[in-house]
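Single-structure report; data block below.
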Amino acid sequence: MDRTLENFNYDRLGNSIFVVGIDIGSEYSGYAFASRRDIMHDPPQIRTHLWKGSQLLRHKCPTAILFDINEKINAFGFEAENQYSEILADEEQDDYYYFKSFRNAIHQREAGNAMIKDVSGKPLKAVQVMGQTIGYLKHEAMNKIRQMLKVHADDDDFYFVLTVPATWNDQERHFMKQASYVAGIKEDKLDIVCESEAASLFMSTSPYITSGVLKSIKKGEKYMIIDIGGSFKVTCNCQTETVQDIVAPSGGGMGGKSVDLAFYIFLCEICGRQIMEYFKLEEHDDYIDLFREFETKKHSISSTRNSNVVITLPMSLIDLVRQKHRVFERAIEQSPYKETVKYSKQKLHMPPDTFRRLFEPSIRAIIKHVAEMQKNPKVEDINTFVMVGGFVECELVQDAVYSYFGKSKSILIPKEAGNAVMKGAVLFAFQPKAKTDLLLSKISKMQGDDFKDLISKGDFASYENRVYLAGACNIGKSSLASILIGDEVPTKWHSTDGLVIHFGRNGIHLEDKKMIPLGQSDTNILKKLLLGNPNVEATTTVNSESNLPTGIQNRIQENNQIETASNLPSKHAEHADTAIEKLSIAPDLTTTTENLTKKQDLQAVELKVEQHSNLQLPHVTNQTHTSIQSDVLQEIRHGKYKIRVAPSDLVDFGGQRSFDMTHQLFIQHKGTFVLMFDGRYGLHSPLKEYPQGDITAKDILVHWVDSILIYCGEGDDKMPMILFAATHSDRLLLDQITVEKRNFTSELTTLFQNHSQKKHIIFDRIFFINATNSEDPEIELLKDALVDIAFQQPTWGQRMPMAWVPLELQISEMRTKGINLVTKETIQELNLSNPDFMLNEFRLDEFLKLQHSLGKIMYFDQPTLQDFVIIQPSAMVNILRSFVTDKIFWPEDRGLRKTLEGMVNTGTVKRKQLFDLWSQPQFKEIMSSDLHREYVIQVLVHLDILVEPKRDDNQGSQNQTYLVPCLVKSKIPCEFLKFEEQKTICLAYQLTEKLIPSSLCFKLIGAAIATWPLKEANGSVCLYNESAIMHIDENNELLISIKGQRVIIYLSNQSSKHLISPDIAASIQECLTLVLQRVLLFYHECFGKSTTKLDVRNLFKIEVGVICKGELCVVPLFQAEKKKPWTCEKNKEHDTRYCLYWVFNKKIRTCEATCEGLETDALSLSPNDQHLVRLAKLISISLFDQFLIYLGMTRDEWEEIEYQYRQNGMLGMKLMALYEWKKKNETVKLQELLNALNGIERPHYLCQIVREDTNLYGIAESRLQISPPDEVLNELSRNLGNCVIQLGIELGINFSSIEESMYRFPKDMYGQIYDILKKWKQQRSPTIHRLMMALQRVDSRGLNFLRLKYK
C-alpha cells in the first residue's frame, strides 16, 4: 500500500473543493472531511468531528434519529437519545418516531421496497430514515467546514462519499444512493465505497502497529481486513491497481453490540429481567447514561488489569431493586455473582475476570470465523491481517487476535482504528477511476475459454428506455408516435384499441444524445450486448447467488462513456476500421463442443435434455461460446457496432376509460410519460368523447399522474418522469400559443406543485406541439427532453449478467418467428440446449422475472401460472382487446356484440362466451389450443380482470360465469349509501403509498366477491363502479367502497350494531386485510420490485369507526385500542366498544373480567331465533327450569314440553320451551332474558348469543357455492341425528314451519330433517357452504359427511 502524492486524482471531484466521508455504522456514525489542499500533506490531513456524549467527546455518535409525528427530524445521535428519554418520561412516545441502531434493520429488509419499524413498532419508510440520517450528517459537515475555515462555500463545492458494509449487495448500495438523493446530494457529487476498501486506503496513509515493526503491503499481496464495530465483517483482498475481493465478504453480529447485550443480561441476572425491562422503558435517560459509562469501561479494559471495574448505577435502578429486595446487596446475594460482585455506595464493583467474561462470546466468535475462513484454499496463504473498527480499540480484542494468530500472521492496527473507514472514505474520492480495455481488441484477442468466461461470468451495460404516450381520446397521441418511430403521420383519426407497443422503433444516439426514429424494429440482442461494453472483471466482487435479489440489481455504470472504435479520436478511427476488417476467429474458436475437456459433463447435459424433452421445441439456434463469439465478430465486421444507437420502446395508450384496468398492467416503474391534451380546449372544458359529460383534460391528467406514480416511494430513483404536451398548435396563432403555454404552465404548476411525488413531474415546462408535422420545433425540444431524462435514469448503463444473453437470443428468435406463448418447460429445454451457458433453476427464474419487469415478456411466478411464458407482451394486449374494449371496436358479428353488451350491462360473462370471442382469427393465432385458453383464463383471474363469483350455477365448465368488474360503469344508488348510525360499524384502510391506483377498486372488490356472494336487488347483483355490496348472512350486509385515499368497509346489521357478531366482524377484517395485502403485493410485483422481505402490512394503516350524523367517523386503530372514547370533528363522543369488534380475539370464548354486559340500548332489542339457540345451548338442563320460571313460565308448562318433545333431545326441548315463551308474549326483549339469567346467576350468557364460529369462512371455494342436489340432501338427512329443531333454526326456517314439518312426519326423524332441508333449498342462495356453516353450529356429524362429499 505504498502511497505517493501522484496516486491522488481529482477526476471524481469535478469542481468540488471539499470531500466529506460519511460512515453510518450499525451502532455509531460520524463523518470526516478534507480539502484538496489537506490531501497533499504527508500524511493527508483528514479531520473528524467530536461529538459530546455525557462528559466525553467522541469521534462518533450513536446511530439514533428522532422524528416528530409529521416525519420531520428532531434530533440525531446523543441528542436524539436524550430527547427520547424525556419523551418517554412524559409518555408522549406515540407522537414521535425513534430509530436506534437501524442499519441492520435496513439490511434485513428488501432495500427501497418496505418500511422499517421504530423502537415502539411504528413504521416509517426506510429510505426516509436513512436519507434524513445522511442529510443530518451532510449539513453538520458542511456547517462545520464553513465555520472552521471561515469560508463561503456553495453546496457544489462539496463532494460526498458514503460507506457501505462489504456484505451489502448491489440493491442495498442502490438503496443508499436513493437515500442520498433524499438527503439532497446530487448524483454527480456522490460516491459509494465498500468499508473494507475505505479501510485499505486509510492504511496506505496511517501509521500502524505490527509488533513494534513498521509493515507495508506490497502490490499484489493478499491481506484480510477484520472490521469490528457493533458487528464484524471480514474481507479478503488483493492489492492491485484497485482493491480486489478474493472471496465473498462475510461476517456476523458478534461485535461490540453483543458485549452490550452480555452486560444487559448480567444486570438482568442481578436486578431481575422485569426490573431491567421496566428500567429501560420508564427510566430511559438513566438507562442511556448507564450504557454510555459501560461503553467507556468497555474500551479501557485490558488483559492485564487486576483492579475491579467500578460502574456507577443510577439511583432509579437501585430504587427499583430495593422495592423488591429492600436492599441492593440482597439482589446480588441471590444472583450467580454473589461470590464475586460487590455493591457499595451506588457503585457496582466487578472483578476484572468477571468483566472480561462479558467479551468472551464475541471474541470467540470472531476468532472462530477468521480461523474457518483461513481453511479456504483461496485465502489460506494470507499472512497479513488488518484490523479496523471501533471495537478494535479494545485491548482485549487486540490481545486475543495477537494470541491466536500473532505467531504466523502480521497483524496491522492503525492508531485510529475506529476512524479508519470514514477517513478512508475521504481518500477514496481522490482515487482514479478504474479503466477498461477497448472492447474491440479485447474480444478479438480472446481464446475460446476466455470468451466463454466472459459470457458465463461477465456483465455488460444495459441501455433500456421506454417512452409512453397517454392522455384523452382524439388528441394526436398516435400521430406523435408515428413521428417518433419514423412512420407516415395519419391524416384521419383512428382511435387506439387498448394500446400499441412499438418495440425498438425509437432510438437514442449514445454520443450525439439525439432521439432518432428507426425505420424498423431494432431489438438485436448482440448489438445491445456490444453497446454495453462487456467486461468479465466487473464480476469479481459479486456475492453468491443467494444474494441475487429479484429484479434489476446489478451495478450502475459509473461512466457512460464507452470506449469503442466510434468514440476514438478521428486519427485513430481509420486504424480501428482496419483492425475490424482484419479480425478473424482464432483457431481455438473453431473447436467444437465435443472436444471440450469436460466431455463427460456435456454428455450428462445432453442425456438430461433427451430425458426431459417431451416437447416439440421451437426451431431456434443453440447457443455456444463459439457461435456467440462468431456472431459478435460478424456484427463488428459489418460495422453495425459503430452505429452507437440504443433502441427504445414506445407505448401508445388508448384514451377510452374502458382501458383503465388494463393500462395499469403495462405501466412499468421506468421510462418517461408524455401526458397529452388538446391545447385548443384547455384543461377544464368537458370532452365530447366521454359520454359521462363531466370528464375534462384535467381529470384525465390527474388520473394518469396518480396511476403512474402509485408506487414511487420518497426515496425511489428519479424514474418515472412525467412531461406534458399540448397538441394542435397549428390551430392557434403564434401569439396565442405563447399566451396559452404560459397559462397551461401556471395551471399545471397549481395542480401538481403540492403533489406528494412532485419530483417525478415536470410541470413548469410544457411543449405545445403540432403532432402532424415531423419538423415541428417543439417536437424537437420534446425529443431532447426525453433524451436528457433517459441519460439521467439510474438504470441507464446498468450492468447485466452476460450469462443471460444466450437465452435472450433464443427468445428474441422465437419472437421474430411469431411465437406468442410457450410453456416454461420449453424455456427450460432451450436453456439445457446451451450447455456452455446453462443457467441453474434459481438463475433461470431471476432471468424470467427481470425480463417480465422490463416488459420484454410476461411471466407470473404463481403456482397456477408459472407453467407458461408469454413471449410477446403485445399478445396479452390483443387478448384483453377481445372484451375490455370500447364499443367502437366491437366486432360486426351480432352474437359477439350481444355478448359484449351483456358484459357492460351486467358485469358478467360465461366461459363459453369468452371462448367464442377468442375464436376470431386474430385471437386464434395467439391461443392455438384449449390448454392456452385455459391458461389465459387463469391469468385474467389472477389479474382480477375476471372474478370467479361465490355462487355458481350447477352447470358444466363451459357455462361457468365470471364477473368483469372493470367493465361496470354504473355508480352505486344513493339509497344504498344511507347508513343508520345504530346499525353500522365501519372499517377503513388508509394507504400509506399516498396514491391509490385507479384499478385497485376493481381488484379489491373482485377479490372480495370471491369470498362473499354479491347482494341481489331488483333482480340484479349489487356490483357498481368503485363499490359493491356483499351478502354475509340473513342479518348482515357488507359494503366496500373506494373514496379518495381510503378503502371503506361498512358492516350493517338489519336490527342493530349491538347484534353484530364480533366473530363475523373480525373474520371480515382478517379476510379483507389479506385481500388488500395480496392486491398491493400484486402491484409491487407488477413493477418488478422484489417482495422477498416486503412487509405488506406497512403499506396501509387501519382505522375503525361508526356513522355519525350520516357520515363516516373513524379513528386510528392503535388509538381505539386504548379503549378510551374519542371526540370527533362534530364534537360528538364515541365509544370504541363496537369499533373494536373488527379486531376481536375470536379465541376467547367467555367474557373478560372487565365485561359490563350489553348496553342499555341493546337490552331493548328483540332476540331472533338463532339467539335463542345460542342461549339454550349455554344453559344446563339442571338450571333451565329455574330460568323458565324467571321468564314467567310455570313448572307445569315445562313438564308438558318435556313430555311432548322428549324425542327431540334436551336441546330440542329447551328450544321449544323458548318458542312457547315467545308465543305467550307479544314482544320479547333481551332485558327479559337478562333478568332471568341474573336469577340463575349467569348474566354473561347473554353476551355470548352473538358469538359465531367462523372457521369455515376460509374454505368458501367456488365449488361450494352451488345448490346441493336433492340426492345429497336425502343422504345427508340420514347422517345427522336428532337435530331437526336446531338445524331448522340455523338454516333460517322459523319455528312454526319447523313445527309443521314435525307434525307432517310425527315419528320419522329422517323425514323431518329432509323436509327442513327441502324448505331451506327453496330460499335465496341455498349453497353447500351455507349448509356447512349451519351444520357446524349444530355440532352434528353431517359436516364431516359434506366435507368428504366435496373434498
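Below, all heavy atoms of this structure are taken into account, side chains as well, without hydrogens, waters or symmetry copies. Being a predicted model, the structure only gives us computed values, none of them experimental.
- The shortest side-chain heavy-atom distance between Thr163 and Met422 does not fall under the 4.5 Å cut-off.
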Just do the salt bridge (charged side-chain N to carboxylate O under 4.0 Å, His left out) check on Lys375 and Glu372 with the steps written out, would you? CA-CA 5 Å; Lys375 296 177 182 178; Glu372 287 294 324; 3.1 Å; yes
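- Annotation: side chain of Phe391 is in contact with side chain of Phe359 (closest heavy-atom distance under 4.5 Å).
- No hydrogens or angles considered: nothing links the side chains of Ser410 and Thr384 as a donor-acceptor pair under 3.5 Å.
- Here the CZ atom belonging to Phe430 is positioned 5.0 Å from the CG atom belonging to Leu13, to the nearest 0.5 angstrom.
- What you find for Ala183 and Lys138 is that their closest heavy atoms are O-NZ, 3.1 Å.
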Could you go step by step and tell me if Phe33 and Lys144 meet the side-chain contact (heavy atoms from CB on, under 4.5 Å) rule? CA-CA 10 Å; Phe33 57 92; Lys144 175 86 174 179; 4.0 Å; yes
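- Looking at Ser335 and Glu269, their side chains never bring a donor and an acceptor atom within 3.5 Å of each other.
- Nearest heavy-atom pair across Asn306 and Pro352 is O-CG, 3.6 Å.
- Looking at Asp23 and Tyr28, their side chains never bring a donor and an acceptor atom within 3.5 Å of each other.
- Proximity of a side-chain donor or acceptor of Ser403 to a complementary backbone N or O of Ala400 within less than 3.5 Å is not detected.
- Side-chain contact between Glu293 and Asp289 is absent, with no heavy-atom pair separated by less than 4.5 Å.
- Salt-bridge formation is detected for the pair Asp260/Lys298: a Lys NZ or Arg NE/NH1/NH2 atom is positioned less than 4.0 Å from an Asp or Glu carboxylate oxygen.
- The distance from the NZ atom of Lys378 to the CE atom of Met373 is 11.5 Å, given to the nearest 0.5 Å.
- A side-chain donor from one of Ser29 and Thr63 sits under 3.5 Å from a side-chain acceptor of the other.
- Between the CG atom in Leu137 and the CD1 atom in Ile22 there is a gap of 5.5 Å [rounded to 0.5 Å].
- Atom-to-atom distance recorded for Leu317:CG and Met276:CE is 6.0 Å, nearest 0.5 angstrom.
- Atom OG of Ser258 is separated from atom CD1 of Ile366 by 7.0 Å, given to the nearest 0.5 angstrom.
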Between Leu290 and Leu267, is a side-chain contact (heavy atoms from CB on, under 4.5 Å) present by the stated rule, with each step listed? CA-CA 11 Å; Leu290 173 60; Leu267 292 174; 3.7 Å; yes
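- Using a distance-only test at 3.5 Å, with no hydrogens or angles considered, a donor-acceptor pair links the side chain of Arg356 to the main chain of Ser302.
- Between the side chains of Arg58 and Thr296, at least one donor N or O lies within less than 3.5 Å of an accepting N or O.
- For the side chain to side chain contact (heavy atoms under 4.5 Å, CB included) with Met350, the qualifying choice from Thr340, Ile311, Val310, Asn308 is Ile311, the only one to do so.
- A side-chain donor-acceptor contact under 3.5 Å links Lys409 to the backbone of Ile382.
- Side-chain polar atoms of Glu140 and Tyr31 form no donor-acceptor pair below 3.5 angstrom.
- Under 3.5 Å, the side chains of Asn419 and Thr48 contain no donor-acceptor pair of N or O atoms.
- In summary, the side chains of Ser307 and Arg305 do present a donor paired with an acceptor at a separation below 3.5 Å, with no hydrogens or angles considered.
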Would you please test Phe355 and Ile301 for side-chain contact (heavy atoms from CB on, under 4.5 Å) and show each step? CA-CA 8 Å; Phe355 193 82; Ile301 187 68; 3.9 Å; yes
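- The shortest heavy-atom contact between Ser180 and Leu190 is OG-CD2, 2.9 Å.
- Put simply, the side chain of Gln398 gets close to the backbone of Val392: a donor and an acceptor are under 3.5 Å apart.
- You'll find the side chain of Glu79 stays beyond 4.5 Å of the side chain of Cys61, heavy atoms only.
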Going through the distances and angles, do Phe294 and Phe266 end up as a ring-ring contact (aromatic ring centres under 6.0 Å, His included)? CA-CA 12 Å; Phe294 174 71; Phe266 164 79; 9.0 Å; no
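- Between the side chains of Tyr223 and Ser200, at least one donor N or O sits under 3.5 Å from an acceptor N or O.
- For Lys257 against Ser101, the heavy-atom pair with the smallest separation is NZ-CB, 4.0 Å.
- Side-chain contact check for Phe102 versus Val129: some heavy-atom pair is nearer than 4.5 Å.
- Listed for the His369 side chain is no donor-acceptor partner under 3.5 Å among the backbone atoms of Ala365.
- Within the 4.5 Å cutoff, the side chain of Ser344 has heavy atoms near those of the His349 side chain.
- A 4.5 Å side-chain heavy-atom check between Phe279 and Asp286 finds at least one atom pair inside the cut-off.
- Atoms CG and CG, from Asp381 and Asn376 in turn, are 10.0 Å apart once rounded to the nearest 0.5 Å.
- Closest approach of Ile134 to Ala179, counting heavy atoms only: CD1-CB, 3.9 Å.
- Considering only heavy atoms from C-beta on, Glu81 comes within 4.5 Å of Arg292 through its side chain.
- Ile270 approaches Tyr337 most closely through the heavy-atom pair CG1-CD1, 3.9 Å.
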